[in-house]
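First the structure, in the form of C-alpha cells, and then the observations on it.
All residue numbers in this chain count up from 1 along the given sequence. Order of appearance sets the numbers: ligands from 1, and atoms from 1 within every ligand.
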Amino acid sequence: MYLLIPAAGSGRRMGSAWQSQSKAPRNKLLLDLLGKPLLAWTLLAAEASQTIAWIGIMGQPIDWDDFKAIVHSLNLTKPVHFIQGGATRQESVYNGLRALPDAAEHVLIHDGARCLATPELFDRCSQALQSCDGFVAAIPVKDTIKVVNATGVIDSTPNRSQLWAAQTPQGFSVPLLKKCHAEGRDNGWEVTDDAALFEQCGLAVQIVEGEETNLKVTTPMDLAIAESILRARLF
Ligand code: CTP
Ligand code: MG
C-alpha cells in the first residue's frame with residue numbers, strides 16, 4: 001500500500017506551543033512530543049504497519065533538512081519520498097498524487113499531524129480498499145452539534161446518530177481520486193479533506209471505524225492531550 005503524508009502546513013494554530021519549548025515557531029510537526037518530533041511518531045506507526053510499503057511526505061522546502069534528519073534517525077526499512085507541498089492541504093495532496101508511481105492502484109492519505117494513529121488502524125484501512133473505492137476513518141460524534149446562522153442563532157440540531165467525525169487515514173482508488181482532484185481544480189472547489197472531493201463527484205465514501213485517540217494535533221491543548229495518551233500507551 002502507498003501512503004501519502006501531508007506535512008506541508010505551518011501550524012498557525014499551534015503558535016504558542018513553541019514558546020513553551022523555547023523555540024521560534026516552525027511547522028508543528030517538528031514540535032517535541034515525548035522526546036521525538038510529531039512527524040517521527042506518525043512515521044513509526046507507518047513503519048510498523050504490515051501493509052504500507054511506500055511512504056511519500058509532502059513538505060515545504062524550509063523543512064526538508066529537518067524532515068530528512070528525522071527519517072534518517074528512525075532507520076526506516078520502507079522507502080520514503082519527499083514531495084513538494086502546496087499552499088493548501090488540497091494542493092499538497094494533489095502534488096502527492098502526481099508523485100505516486102504508475103503502479104499505485106490505491107493510496108492512503110494520512111495527516112502528519114495525526115501522530116497517534118496505530119499500525120492496526122493503517123492495516124484496517126488498507127484492508128477496506130479491497131472492497132471499496134473510497135473510505136474515511138471516522139468515529140461517532142459524542143457532542144450534540146448545532147448548525148448556527150450568521151447572527152449566532154441556532155438553525156437546526158442534526159440527528160447525532162447520523163454524525164461522524166472524520167479523521168485520516170482516508171483511502172481511495174488512485175485514478176478516481178486523481179479525477180476528483182482535477183475536477184475540484186477546474187471548478188474551484190475548496191475542501192478540507194479528500195473525501196469531500198469524492199462526495200462532490202457523486203462517488204461513494206465508506207466509513208471505517210477510526211480511533212478515539214487518533215486526534216489531530218492542532219492547538220497546544222491537543223499537544224498536551226497527545227502527550228498523556230502516549231504516556232499511557234508506552235509506560
Ligand atoms: N498541510 C499540508 N499542506 C498545507 C497545509 C497543511 O500538507 N498547505 C498538512 C499539515 O502539515 C497537517 C495536515 O495537512 O499534517 C492537516 O492540516 P492542519 O492540521 O490544518 O495543519 P497546519 O495547516 O499546519 O495548521 P494550521 O491550520 O493551524 O496552520
Ligand atoms: Mg491548516
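- Stacking of Lys36 on the aromatic ring of Trp41 is recorded, both the 6.0 Å distance cut-off and the 45° axial limit being met.
- Inclusion of Arg13 in the set of residues having an N or O under 3.5 Å from an N or O of ligand 1 is warranted.
- Ile52 and Ile83 fall into different hydrophobic clusters, where Ile, Leu, Val, Met, Phe, Trp and Tyr residues are linked whenever their side-chain heavy atoms come under 4.5 Å apart, directly or through other members.
- Of the polar atoms of Ser10, at least one N or O is found under 3.5 Å from an N or O of ligand 1, judged by distance alone.
- When each atom of ligand 1 is checked for a heavy atom of Gly112 under 4.0 Å away, the hits are 15 (O).
- Taking CG of Leu4 as the start and CG of Leu177 as the end, the distance is 9.0 Å to the nearest 0.5 Å.
- Pro6 O, 2.9 Å is the protein heavy atom nearest to atom 15 (O) of ligand 1.
- Atoms of ligand 1 found under 4.0 Å from any heavy atom of Gly86 (numbered from 1 in listed order, with element): 8 (N).
- Residue Ala87 approaches ligand 1 through these ligand atoms, each under 4.0 Å from one of its heavy atoms: 8 (N).
- Side-chain contact of Asn214 with Gln167: a donor-acceptor pair under 3.5 Å is present, judged by distance alone.
- At the top of the distance list for atom 1 (N) of ligand 1, counting protein heavy atoms only, stands Gly9 N, 3.5 Å.
- Which parts of ligand 1 touch Ala113 is read off a 4.0 Å heavy-atom cut-off, strictly below it: atoms 15 (O).
- Residues Asp222 and Thr219 have side chains that bring a donor and an acceptor to within less than 3.5 angstrom of each other.
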Given salt bridge (Lys or Arg N to Asp or Glu O under 4.0 Å), test Arg26 with Asp63 step by step and report yes or no.
-> CA-CA 9 Å; Arg26 290 281 310 277; Asp63 294 326; 2.7 Å; yes
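- Residues in residues 4-16 take part in no side-chain hydrogen bond (donor to acceptor under 3.5 Å, both in side chains) pair, two or more places apart or across chains.
- Proximity to Thr88 (heavy-atom distance under 4.0 Å) selects the following atoms of ligand 1: 3 (N), 4 (C), 8 (N).
- Not one N or O on the side chain of Ser92 forms a donor-acceptor pair closer than 3.5 Å with the backbone of Met58.
- From the protein, the heavy atom lying nearest to atom 29 (O) of ligand 1 is Arg12 N, 2.7 Å.
- Under the 30°/60° scheme for interplanar angles, the aromatic rings of Phe135 and Phe172 are found to lie parallel.
- Note: an N/O pair closer than 3.5 Å links Ser92 and ligand 1 by distance alone.
- Of the heavy atoms in Ala8, both backbone and side-chain atoms come closer than 4.0 Å to ligand 1.
- The protein heavy-atom contact nearest to atom 17 (O) of ligand 1 is Lys216 NZ, 4.5 Å.
- Side-chain rings of Tyr2 and His106 stay apart, their centers remaining 6.0 Å or farther from each other.
- Ligand 1 has no N or O atom lying under 3.5 Å from any N or O atom of Leu29, backbone or side chain.
- Distances from ligand 1 to the non-hydrogen atoms of Gly11 include at least one value under 4.0 Å.
- Side-chain contact check for Glu211 versus Ile139: every heavy-atom pair is 4.5 Å or farther apart.
- When the heavy-atom distances from atom 18 (P) of ligand 1 to Lys28, Met58, Arg89 are ranked, the shortest goes to Lys28.
- If you check each of Asp222, Asp111, Asp63 against atom 16 (C) of ligand 1, the one with the closest non-hydrogen atom is Asp111.
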